[in-house]
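Take a look at the structure below.
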There are 2 protein chains.
Amino acid sequence: VALAGGTGSAKLLRGLAGLPIDLTAVVNVGDDAWFYGVYVCPDIDIATYTLAGVADVRRGWGIQGDTYNALAALSRLGRDTWFRLGDLDLATCLLRTELMGNGATLTQATDRIRKALGVKSPILPATDGPVETWLLTSKGELHLQEFWVREGGKPRVNKVTYRGARGSTPTPEVKSAIRAADRVVICPANPVTSIGPMLALPGFAKLLGASRARVVALSPMVGRAPVSGPAGKLMKSTRVRPDSLGVAELYSDFLDAILISDEDPALKGPIEALEIRCALTDTMMTDLVSEARLAKELLEL
Amino acid sequence: VALAGGTGSAKLLRGLAGLPIDLTAVVNVGDDAWFYGVYVCPDIDIATYTLAGVADVRRGWGIQGDTYNALAALSRLGRDTWFRLGDLDLATCLLRTELMGNGATLTQATDRIRKALGVKSPILPATDGPVETWLLTSKGELHLQEFWVREGGKPRVNKVTYRGARGSTPTPEVKSAIRAADRVVICPANPVTSIGPMLALPGFAKLLGASRARVVALSPMVGRAPVSGPAGKLMKSTRVRPDSLGVAELYSDFLDAILISDEDPALKGPIEALEIRCALTDTMMTDLVSEARLAKELLEL
């Protein structure tokens with residue numbers, strides 16, 4: 001079972017999917033939001049598209065070769081279109097919204113879509129509850145998408161909240177997947193906005209701690225900066241050290257081992273002092289080969 | 001005020017919009033339906049697109065040069081896509097659905113869209129109520145779109161019902177427009193499925209009868225066949241004569257005059273026996289010139 005957020009996670013999922021294992025992805029829903037009347041699930045979709053081989057991996061979101069005709073028309077109709085959504089991507093969101101409007105859970109809609117796209121591994125939303133990551137910033141309260149996409153990640157962040165998390169639960173599918181797992185891999189995702197919303201679900205961290213599976217993470221940090229995205233800034237704002245030691249501390253209740261960047265040898269000692277195994281490697285996923293290598297190293301760790 | 005249905009109506013609206021008058025279109029909503037999670041209003045949209053100069057008039061629906069990328073993607077996702085909806089057309093439906101989801105009435109959503117597209121004449125849905133035209137056919141109960149688009153208009157029709165009409169009313173905007181009008185023009189629309197759903201609204205026919213405006217119609221029939229669409233078949237199934245006399249009889253409670261095809265001179269006498277003025281002309285709208293000429297002839301009649 002791999003716990004996944006956005007782009008970096010999707011790359012590792014692709015590496016894991018190439019190994020002779022039964023992979024189940026458990027995916028963050030805190031980024032999900034309504035745009036243009038459809039329900040957009042960026043992390044679920046980038047995982048699905050990447051495993052289906054249609055993702056625009058270089059850009060980190062959406063579908064390769066997508067067009068923006070509907071969005072351009074919405075803009076001409078006077079709708080603010082700061083959230084980019086291609087025509088093909090829109091189709092995914094339309095189908096999901098329609099299915100959920102007809103009573104399907106997010107889990108059921110996600111399953112239908114990944115099967116239609118030929119993805120073999122189950123992709124499970126962490127919860128079917130309405131969990132949203134909101135930030136209290138210097139520009140007021142912002143949904144994560146507003147902060148990151150509309151505001152370019154610029155406002156100062158004072159606080160991160162997972163709206164709806166306390167009243168939600170991991171799905172039965174997620175619970176059984178984690179209970180049955182040999183390994184739980186925490187993908188190199190933003191610990192605050194991708195893994196944080198899962199850990200905020202009542203019972204989720206306990207589920208990991210109680211699992212017979214070894215829990216291993218690939219750190220998203222190199223030095224004091226993430227490979228991509230706003231992880232460093234958001235870790236600081238939640239008073240987590242913005243490096244791999246901070247990641248290990250955050251996960252220390254259930255983490256057995258962590259793979260960190262070989263640019264951070266000084267962190268190995270402090271991490272092992274937390275009784276977490278730590279290995280160093282080149283953690284950059286620049287191609288399919290490095291994705292496969294890191295997937296293998298993680299499982300071996 | 002012009003009462004309008006689909007393609008033929010849109011052409012006459014364009015003719016009327018070119019005259020030095022204040023035009024308000026009152027448009028059928030009985031064709032409206034949910035597809036792919038968005039609310040599709042074919043008659044409102046073809047009126048709006050035609051007056052905005054972007055309609056695919058030759059085809060009779062949608063926007064010129066539209067693409068079908070989202071629809072193709074929906075099809076690849078396993079969604080049945082018999083109802084064609086282009087990416088640009090979809091944007092209109094997305095905005096309408098989003099606005100209505102946020103509490104706007106169909107009247108408000110329609111007004112915002114026509115203004116954004118630069119259309120000067122108000123376009124008013126006949127009602128904000130949920131009126132849908134359903135047909136009892138040899139293939140069971142079908143929504144008009146299922147009958148006409150999916151089934152190609154082939155099943156035998158035994159009965160036409162306007163679901164939701166009895167519990168709906170003309171909007172306040174429609175009432176004041178008709179009360180203030182000098183002329184009410186009934187466009188060459190399907191009397192059963194385009195004008196019928198308006199007449200089924202409690203008070204609508206009375207509103208026309210009580211209006212100080214002269215009510216004039218352009219017949220959609222030439223001989224026993226409509227210029228386009230399933231009018232003939234549906235008139236027969238509702239026991240209306242499938243010709244211009246049938247149209248005049250159907251509207252006789254409020255109709256002052258009707259312009260019919262010059263191929264039907266034998267119908268002039270029987271129509272005038274109903275105390276309805278009748279004039280003959282070439283009723284085919286093949287270009288902007290004939291649209292303008294017919295608009296003028298109607299107002300003069």
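Throughout, protein chains are lettered first and strands after them, A, B, ... in sequence-line order, and every chain is numbered starting at 1.
Ranked by heavy-atom pairs under 4.5 Å with chain A, the first of B:Arg76, B:Glu98, B:Met100 is B:Glu98. Interface remark: of the candidates B:Asn69, B:Thr67, B:Asp66, B:Asn69 forms the most heavy-atom pairs closer than 4.5 Å to chain A. In terms of heavy-atom pairs under 4.5 Å with chain A, the best-connected choice from B:Ala73, B:Ala116, B:Gly37, B:Ala91 is B:Ala91.
For A:Arg150, the CZ atom is densely surrounded, since the number of other residues' heavy atoms within 6.0 Å is greater than 12. More than 12 heavy atoms of other residues, nucleotides or ligands lie within 6.0 Å of CZ in B:Arg59, so this atom counts as buried by the packing criterion. Crowding of B:Asp22 atom CG: a count of heavy atoms from other residues, nucleotides or ligands under 6.0 Å not exceeding 12.
Contacts of A:Thr92 with chain B are made by both backbone and side-chain atoms, with heavy-atom separations under 4.5 Å. Residue contact with chain B, scored on non-hydrogen atoms closer than 4.5 Å, involves the side chain of A:Leu90 exclusively.
One distance of note links CG of A:Asp87 with CG of B:Leu88; it measures 8.5 Å at 0.5 Å rounding. Between the CG atom in B:Leu95 and the CG atom in A:Leu77 there is a gap of 5.5 Å [rounded to 0.5 Å]. For the atom pair OG1 of A:Thr97 and CG of B:Leu94, the computed distance is 9.0 Å after rounding to the nearest 0.5 Å.
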